[in-house]
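Single-structure report; data block below.
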Amino acid sequence: MDATSQRFLMCRPTYFAVDYAINPWMDPTAPVDTALAIRQWEQLRRTYLDLGHTVELIDPVAGLPDMVFAANGGTVIGDRAMAVQFRDPQRADEAPAYRAWFEAAGFEVYDPKHVNEGEGDVLLVGDHLLAGTGFRTAHASHAQLQEVFGHPVVTLQLVDPRFYHLDTALTVLDERTVAYLPEAFSPGSRAVLRRLFPDAVHATMADAEVLGLNAVGDGRHVVLPAQATGLAAKLRDRGYQTIGVDLSELRKAGGGPKCCTLRLRQGKASQ
Ligand code: ARG
């Protein structure tokens, strides 16, 4: 399998904390070690650089503890970026910060008309955009995504609050294949996934509960939480090279490697 060189956007967790609870993983009374979170995040960034990927950085903003989760900053395909609108007021101010970054980087920016949490809920597989709804991104925004990007949008209904963003329940492995947790989707959406991806890797609840599906693939390597050992073994059986990273501190906010990583598909490196 060929690895495609990727360009990512990340945000250092300088101001990371769990000050509020907007998903079931977050417990504001539990201690968080911000210095450890930064070291773990640096390890993720180093992993991407070692794989030959490019990592762009956006400046973190004080008072926005979840800004480290760059996947929620937008949806980017080619030279177009769709900005985001968060469901929760605690994250609202991240949207203009990411929007400004896209503008400065030269993207053509589109503003969301409805709640849309970016690549947390919107994943490109080949020509299809898979779009999650049920907890965060509004169903109405899926139509706008299709208009902005001109890729067919496939709506997927998420049903388990622990897997509140699509990228906690499904991983894109390459242009044709995904891995996912069937139980995280409604019966109709499971049927859609079976139809589109008959060869998909099915993850177990044990893997999903350590956010194992919050992984980043480049077609050949898959960077995933080190704790997701069962999923890693299945992926290796399929010929992928797996690289485990420990993001235990960020998991206290409900995030893993993919949440920290926004794909910037632009120019020749685009997939
Ligand atoms: N605490 C953040 C939230 O609830 C975590 C976001 C994780 N991001 C993701 N792409 N799944 O919004």
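Just so it is clear, the structure is predicted and the values come from calculations on it, not from any experiment. Hydrogens, waters and symmetry mates play no part in the numbers below; they use all other heavy atoms, side chains included. Atoms within each ligand, like the ligands themselves, are counted from 1 in listed order.
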Region of [X] that comes within reach of ligand 1 [heavy atoms, distance under 4.0 Å]:
X	answer
D88	neither
W25	neither
R136	side chain

- Do F163 and L181 touch side chain to side chain, with heavy atoms closer than 4.5 Å?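 Contact flag for F163/L181 side chains = yes.
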- Query: What's in the same ILVMFWY side-chain cluster as V68, cut-off under 4.5 Å, chained through other members?
  - Reply: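 F8, M10, F16, V18, Y20, I22, M26, V32, W41, L44, Y48, L49, L51, V55, L57, F69, V216, V223, I243, V245, L247, L250, which link up through side-chain heavy atoms under 4.5 Å apart, make up the rest of the cluster.
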Would you say the side chains of [X] and [Y] form a donor-acceptor pair under 3.5 Å?
X	Y	value
D207	T204	yes
R263	Q6	yes
H221	Y240	no

Closest non-hydrogen protein atom to [atom], residue and atom name please, with distance?
atom	result
atom 10 (N) of ligand 1	D167 OD2, 2.8 Å
atom 12 (O) of ligand 1	R91 NH1, 2.7 Å
atom 9 (C) of ligand 1	C259 SG, 2.8 Å
atom 2 (C) of ligand 1	D66 OD2, 3.4 Å

Going by the atom numbers of ligand 1, which of them fall below 4.0 Å from some non-hydrogen atom of [X]?
X	value
M26	1 (N)
G120	10 (N)
Y164	4 (O), 5 (C), 6 (C), 7 (C)

- Message: The criterion is ring pair (Phe, Tyr, Trp, His ring centres under 6.0 Å); which residues satisfy it with H142, sequence neighbours excluded?
- Response: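 H142 satisfies ring pair (Phe, Tyr, Trp, His ring centres under 6.0 Å) with H139 only.
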- Query: Is there a nitrogen or oxygen of T168 sitting under 3.5 Å from a nitrogen or oxygen of ligand 1?
  - Reply: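 N/O-N/O distance under 3.5 Å: no.
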- Is there a nitrogen or oxygen of A253 sitting under 3.5 Å from a nitrogen or oxygen of ligand 1?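 Yes: some nitrogen or oxygen of A253 is under 3.5 Å from one in ligand 1.
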- Query: Is it true that R39 and E42 make a salt bridge, defined as a side-chain N closer than 4.0 Å to a carboxylate O?
  - Reply: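 Judged by the 4.0 Å cut-off on N to carboxylate O distance, R39 and E42 do not form a salt bridge.
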- Item | side chain to side chain contact (heavy atoms under 4.5 Å, CB included) assessment of L213 paired with L231 | CA-CA 8 Å; L213 287 161; L231 179 60; 4.0 Å; yes
